[in-house]
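In what follows, chains are A, B, ... by sequence order, proteins preceding strands, each numbered from 1.
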There are 2 protein chains.
Amino acid sequence: MRRNAERRQALIDAAIEVLAREGARGLTFRAVDAEAAVPPGTASNYFANRDDLFTQVGGRIYERLLPDEATIARHREGVQDQARYAELMHELVDRVAAFNSGYLALLELRLESTRRPELRAVLTKRIREDIDANIGYHAASGLPGDSTSVVLLYLALNWLIVERLTLPDIFTEQQIHELVDAAVRRSLNA
Amino acid sequence: MRRNAERRQALIDAAIEVLAREGARGLTFRAVDAEAAVPPGTASNYFANRDDLFTQVGGRIYERLLPDEATIARHREGVQDQARYAELMHELVDRVAAFNSGYLALLELRLESTRRPELRAVLTKRIREDIDANIGYHAASGLPGDSTSVVLLYLALNWLIVERLTLPDIFTEQQIHELVDAAVRRSLNA
DNA sequence: AACGTAGTACTACACATGGAGTGGTGTCAA
DNA sequence: TTGACACCACTCCATGTGTAGTACTACGTT
């Protein structure tokens, strides 16, 4: 098992792209090698087996989907009103759109996790942390609404993103924008 | 190309199970043959190629996810109040749970549709019809709320189902029940 | 400065698997 | 008798795993 951390990360990032493009079953060592442009056999040296590969990708993907430190810091400044919250949600949706393959890969991982208990455990942990963080953020901001509001918003936005990524002709960009606004407004004004 | 309609349907239903269990890439003629317990090579005779198979599954899956005539008729009777609407949504969520593999297969199809334009067209058509039907149903019922309410509810419930199917430890059954109630209540009281 | 060593990159191969497509034979019913 | 379909067998091909072995590079030692 090789230890070169940069290379491992490059392989995992390549795996994310493969996942999004080829699906879970297409995530093979060879495909990862090809995507990362390293010689065939390299991935074999970095992951014990495919299960290990899935688990490591599951551990990393959330890091790449969450906003970076600077963005978080920026959002902690200024007034915390509903407009600001909506802005944050729009940014979330846009960020996902900009890292399209990351979100698709996460969906593939979710589906794959019905077959791989280890992967399911990793994803469950990450996602629960994310939801709790969102609830905490909302509570600290002093905005109206309760934790149910936050969860409902989480649900609606996630599917909105799925809809946009998988069947982009269902809603127009304009409709998506309005739906985000509506979701924030109605969730918080419960 | 064979024409036996019953056999074709049996093959498509088998394909749905394969999709849910093995993923999109695992949907092969041979796997369908095995699942339907017919001799190898049969699926080859019923579908021109894999693309055709995907498209036909996409056309059929929605028929199996929607409520049957009797259920629809039953729901058209009696008072159309918010409690009744919530009941309908609970039934939707339960129906999906009872046909687990169907919903998972639909998710696989959505992901696969990012690679198959024909499939995307079929799914887009079906889903748009479904959303429009939901909006129409709501409007006819005379319940409070507008079309945005219906769409937001659609979004939230869909992801709730995804969450339950893929990572069942995120929310308890109790929480899911409450979230359905909350989603209906808050959507309609906009 | 020469040497040795360890870790890693890279290459090659043996082995196995799985699936597509097709041609052909058997069977049944109109 | 004929046509459609179920069933079977076989060829060809593509892909992937796991591993053994070679080449390179950096670094520490004397």
Side-chain angles (χ1 to χ4, degrees), chain A residues 1-58 60 105 108-109 111-112 114-119, chain B residues 1-58 60 105 108-109 111-112 114-119:
Chain A
M1 187 79 68
R2 303 298 152 83
R3 283 158 228 291
N4 183 334
E6 291 165 30
R7 202 155 235 245
R8 157 162 280 121
Q9 189 142 311
L11 288 170
I12 292 177
D13 288 345
I16 291 173
E17 298 302 319
V18 172
L19 262 179
R21 204 178 52 236
E22 315 281 350
R25 187 126 164 187
L27 183 65
T28 65
F29 288 159
R30 289 299 188 268
V32 171
D33 291 334
E35 177 70 25
V38 296
T42 302
S44 286
N45 290 327
Y46 276 85
F47 308 96
N49 44 50
R50 284 185 75 223
D51 218 89
D52 185 33
L53 174 57
F54 273 104
T55 309
Q56 292 201 33
V57 172
R60 162 121 175 101
E108 292 281 358
L109 285 178
L111 287 170
E112 188 65 19
T114 61
R115 292 154 223 150
R116 298 182 190 271
E118 272 194 51
L119 176 58
Chain B
M1 187 81 70
R2 303 297 153 84
R3 283 161 230 289
N4 183 334
E6 290 165 30
R7 202 154 236 246
R8 157 161 281 121
Q9 191 143 311
L11 288 170
I12 291 177
D13 287 345
I16 290 173
E17 298 302 319
V18 172
L19 262 179
R21 203 177 56 236
E22 315 281 350
R25 187 123 165 190
L27 182 66
T28 65
F29 287 160
R30 288 300 189 268
V32 171
D33 291 335
E35 177 71 25
V38 295
T42 302
S44 287
N45 289 328
Y46 276 84
F47 308 97
N49 44 51
R50 284 184 76 224
D51 217 89
D52 185 32
L53 174 57
F54 273 104
T55 309
Q56 293 200 33
V57 173
R60 163 124 174 98
E108 292 282 359
L109 285 177
L111 287 170
E112 187 66 17
T114 62
R115 292 153 223 149
R116 298 182 190 270
E118 272 192 51
L119 176 59

**Q** Which part of the nucleic acid, if any, lies within contact of N45(B), taking any heavy atom under 4.0 Å across all strands shown: a base, the sugar-phosphate backbone alone, or nothing?
**A** base

**Q** To the nearest Å, give me how far apart CG (D33(A)) and C1' (dT11(C)) are.
**A** 12 Å

**Q** Whole angstroms only, please: what is the CG-P distance between D52(A) and dG18(D)?
**A** 11 Å

**Q** Nearest 0.5 angstrom please: E17(B) CD to L19(B) CG, how far?
**A** 9.5 Å

**Q** Indicate the atoms forming the closest heavy-atom contact of A36(B) with A10(B), along with that distance.
**A** CB-O, 4.4 Å

**Q** Would you mind telling me which residue lines up with the more 5' stretch of DNA chain D, S44(A) or A31(A), judged by nearest nucleotide?
**A** A31(A)

**Q** Within 45° of the axis and under 6.0 Å from the centre of the six-membered ring of F47(B), does NZ or CZ of R2(B) qualify?
**A** no

**Q** Sub-3.5 Å donor-acceptor pair from the side chain of R60(B) to the main-chain atoms of Q9(B), do we have one?
**A** no

**Q** Categorize F47(B) for me: base, sugar-phosphate, or nothing, with a 4.0 angstrom heavy-atom threshold over every strand shown.
**A** nothing

**Q** Starting from P on dG19(C), measure out to CZ on F29(B) and report it in whole angstrom.
**A** 12 Å

**Q** Closest-nucleotide mapping onto DNA chain D: is G26(A) or G41(A) further toward the 5' terminus? I mean the 5' end.
**A** G26(A)

**Q** Tell me the interatomic distance from N49(A), atom CG, to dG16(D), atom P, rounded to whole angstroms.
**A** 17 Å

**Q** Specify the separation, in whole Å, of atom CZ of R30(A) and atom C1' of dA12(C).
**A** 10 Å

**Q** Identify whether any heavy atom of T28(A) sits under 4.0 Å from a base atom; if not, whether one sits that close to sugar-phosphate; answer base, sugar-phosphate or nothing.
**A** sugar-phosphate

**Q** Measuring from the side chain of R7(B) (C-beta onward, heavy atoms only), which nucleotide among dC7(D), dG19(C), dA9(C) has the closest atom?
**A** dC7(D)

**Q** Of the nucleotides dG16(D), dA6(D), dT17(D), which one has an atom closest to the side chain of R2(B)?
**A** dA6(D)

**Q** Can you check whether N4(A) has a side-chain N or O nearer than 4.0 Å to OP1 or OP2 of dA9(C)?
**A** yes

**Q** Over how many whole Å does the gap from E35(A) atom CD to dT15(D) atom P extend?
**A** 16 Å

**Q** Search all heavy atoms of Y46(A) against all heavy atoms of D52(A) and return the closest pair with its distance.
**A** O-OD2, 4.4 Å

**Q** Return no unless some side-chain N or O of Y46(A) is found under 4.0 Å from OP1 or OP2 of dA9(C).
**A** yes

**Q** Output the rounded distance in Å from CZ (R25(A)) to P (dG18(C)).
**A** 9 Å

**Q** Between dA9(C) atom P and L11(A) atom CG, what is the distance in whole Å?
**A** 9 Å

**Q** Output the single nucleotide from dT11(C), dT8(C), dG19(C) whose closest atom is nearest the side chain of P39(A).
**A** dT11(C)

